[in-house]
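This report concerns only the one structure given below.
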Amino acid sequence: MTDNRPLAVAIGEVLWDVFGAEARLGGAPANFAVHAASLGLQSALVSCVGNDALGHRAVAELQKRHVGINWVLTDREHPTSTVPVTLVNGQPTYEIVEEVAWDYIGWVEGLEALAQSANAICFGTLAQRSLTSRTTIQRFLQAAPATCLRVLDVNFRQIYHSKTVVERSLELANVVKLNDDEVPVLRHYIGGSSDDDLFLADVQKRFDLHEVVLTLGEQGCRIFSSCGVVSSISHPQTVTDAVGAGDAFTAAFIGSVLSGADLKTSADRANDVGGFVVTQMGATPVLPERFCIF
């Protein structure tokens, strides 16, 4: 039987977030892929793990969560990434190290066909810190059809972003998602108004984007499009762990748009899903069935 559900592909890092003695599957693209699958989309991840116990465990966990793992490669020279995470009032800080498997996402047979069949592709700046992965990510986006939603979740981390990568990513995207802490970083690279609303409206026009989506935590989100600005207020939540909430938001927003919903409905749904995730431990808690889109 043909599966007519939209296909969402994430490309970039998969890793283990380490909280003390506990390791949890993570990485923004991997989180997006898991949440997309939970919401009922077809989901696949393009990434790379090491030939080690954590790499095998990551692939098994992704498969268990119904994420397509045919394009999760194995690198025999570099380890599966682990990232120590510190939580302060539920908000995370990360210690990201270099020379790990997801820095070596190579181009392999089948990737062009996967890109051409995708309805949405989610990518970020972090995995583009290395030439190998950056080349693959940008080639993958260029292979996607014009109708594909190419979603840049900027995901600025530590020092792993640059003007060249940011500008090229904006050129390849047609949807951009960022949080309020990332707005000044984006402004630093591309210039623009000191007023956030004017700046993001200009980014949408300058790069001919469908939408720029600004997440504001407990204050909800604002969406900038050619039709104006759409705001959505979130419901107050007791924050347990904010890791992965933004990725859940992105998956829900994109899934909702692919279902044909309008921007306000999509924003409200995304706020609800992200709001649930902050109440749970870990980046990819199992989502309640009420959130399912397809």
TODO: Keeping the roles fixed (side chain from Asn174, backbone from Arg150), state whether a donor-acceptor pair exists under 3.5 Å.
DONE: yes

Given the rule in the side-chain hydrogen bond (donor to acceptor under 3.5 Å, both in side chains) test, do Gln128 and Ser169 qualify, once you have shown the distances and angles that lead to the verdict? CA-CA 9 Å; Gln128 295 187 69; Ser169 296; 2.9 Å; yes

Between Leu152 and Gly124 the two heavy atoms that sit nearest each other are CD1-CA, 4.0 Å

query = Would a 4.5 Å heavy-atom cut-off, applied to side chains only, mark Arg65 and Ser38 as touching?
reply = yes

_Side chains of Gln237 and Glu218, heavy atoms from C-beta outward: is any pair under 4.5 Å?_
no

The reported gap from CG in Asn179 to CZ in Phe156 (rounded to nearest 0.5 angstrom) is 9.5 Å

- Query: Above 12 or not: heavy atoms from other molecules or residues under 6.0 Å from NZ of Lys163?
  - Reply: yes

Item to complete: Could you tell me if the ring centre of Phe249 sits under 6.0 Å from that of His35?
Response: no

CG (Leu39) and SG (Cys292) are apart, to the nearest 0.5 Å, by 7.0 Å

Query raised in the report: Is the backbone of Gly217 close enough, under 3.5 Å, to the side chain of Thr215 for a donor and an acceptor to pair up by distance?
Result: no

**Prompt:** Taking Thr125 for the side chain and Val154 for the main chain, is one N or O donor matched with an acceptor at less than 3.5 Å?
**Reply:** yes

Whether the side chain of Thr279 engages the backbone of Thr238 through a donor-acceptor N/O pair (distance < 3.5 Å, no angle test) should be reported.
no

Step-by-step side chain to side chain contact (heavy atoms under 4.5 Å, CB included) determination, Leu200 to Leu178
CA-CA 10 Å; Leu200 294 176; Leu178 72 170; 4.3 Å; yes

Could you tell me if the side chain of Arg57 sits less than 4.5 Å from the side chain of Trp16, heavy atoms only? yes

When you group the ILVMFWY residues by side-chain heavy-atom contacts below 4.5 Å and let the links chain together, are Leu149 and Val230 in the same group?
yes

> Any donor and acceptor pair, going by atom type alone, linking the side chain of Thr265 with main-chain N or O of Ala261 inside 3.5 Å?
Replying inline: no

According to a hydrophobic-cluster definition based on side-chain heavy atoms being under 4.5 Å apart (Ile, Leu, Val, Met, Phe, Trp, Tyr only), do Trp71 and Ile121 belong together? yes

Hydrophobic cluster membership, Val83 vs Leu54, 4.5 Å side-chain cutoff: no

All heavy atoms of Ala283 vs all of Val277, minimum pair found to be O-CG1, 4.1 Å

To the nearest 0.5 Å, atom OG of Ser47 lies from atom CG of Leu62 at 8.5 Å

Heavy atoms of Phe276 and Val286 approach each other most closely as CE2-O, 3.7 Å

Backbone N or O of Leu198 within a donor-acceptor pair of the Asp202 side chain at under 3.5 Å? no

Open item on the list: Determine whether a donor-acceptor pair (N or O, by modelled atom type, separation under 3.5 Å) exists between the side chain of Asn51 and the backbone of Asp75.
Closed with: no

Practice item. Evaluate the side-chain proximity of Val100 to Thr80: yes if any heavy-atom separation is below 4.5 Å, no if none is. Key: no

Check: Do the side chain of Ser256 and the main chain of Phe253 share a donor and acceptor less than 3.5 angstrom apart?
Finding: no

Q. So do the side chains of Val49 and Val59 get within less than 4.5 Å of each other, counting heavy atoms only?
A. yes

Review point. Is there a donor-acceptor contact under 3.5 Å from the side chain of Lys177 to the main chain of Val213?
Key: no

When rounded to the nearest 0.5 Å, the distance separating OG1 of Thr74 from NE2 of His56 is 7.0 Å

Intermediate values then yes/no, side chain to side chain contact (heavy atoms under 4.5 Å, CB included), Phe140 and Phe123: CA-CA 10 Å; Phe140 190 78; Phe123 71 108; over 6 Å; no

- Message: Does the structure place the NZ or CZ of Arg269 under 6.0 Å from the centre of the six-membered ring of Phe291, at an angle of no more than 45° from the ring's axis?
- Response: no

- Task: Test side chain to side chain contact (heavy atoms under 4.5 Å, CB included) on Thr132 and Asp103 and set out the steps.
- Result: CA-CA 7 Å; Thr132 299; Asp103 285 315; over 6 Å; no

Correct closest heavy-atom pair for Leu209 and Ala173 would be CD2-O, 3.5 Å

Decide, yes or no, whether a salt bridge links Asp3 with Arg5 under the criterion of side-chain N to carboxylate O below 4.0 Å.
yes

Is there a side-chain contact between Val151 and Thr250 in this structure, where contact means two heavy atoms from C-beta onward sitting under 4.5 Å apart?
yes

### Query
Passes side-chain hydrogen bond (donor to acceptor under 3.5 Å, both in side chains), Ser232 versus Asp268? Steps please.
CA-CA 6 Å; Ser232 174; Asp268 290 345; 2.5 Å; yes

Between Tyr189 and the options Thr164, Val165, Val166, the side-chain contact (heavy atoms from CB on, under 4.5 Å) test singles out Val166

Q: Any chance you could lay out the side chain to side chain contact (heavy atoms under 4.5 Å, CB included) test for Arg168 and Gln138, step after step, and finish with the verdict?
A: CA-CA 9 Å; Arg168 183 58 179 150; Gln138 294 184 6; 3.6 Å; yes

Item to check | Beyond-backbone contact of Arg206 with Ile190, side-chain heavy atoms, under 4.5 angstrom | outcome: yes

Notebook entry, point to check: Just wondering, do Met281 and Arg24 contact through their side chains at under 4.5 Å, heavy atoms?
Noted result: yes

### Task
Decide side-chain hydrogen bond (donor to acceptor under 3.5 Å, both in side chains) for Tyr104 and Glu77; before the verdict, give the C-alpha distance in whole Å, the side-chain angles of both, and the deciding distance to 0.1 Å.
CA-CA 10 Å; Tyr104 295 91; Glu77 297 181 8; over 6 Å; no

Query - Any donor-acceptor pair under 3.5 Å from Ser225 side chain to Glu211 backbone - result: no

ask   = Any Lys/Arg nitrogen of Asp196 or Arg222 sitting under 4.0 Å from an Asp/Glu carboxylate oxygen of the other?
value = no

Exercise for review: With side-chain hydrogen bond (donor to acceptor under 3.5 Å, both in side chains) as the test, would you mind laying out the steps for Ser81 and Trp102 before giving the verdict?
Suggested key: CA-CA 7 Å; Ser81 177; Trp102 56 257; 3.2 Å; yes

Would you kindly say whether Gln280 and Thr240 are connected by a side-chain donor-acceptor distance under 3.5 Å?
no

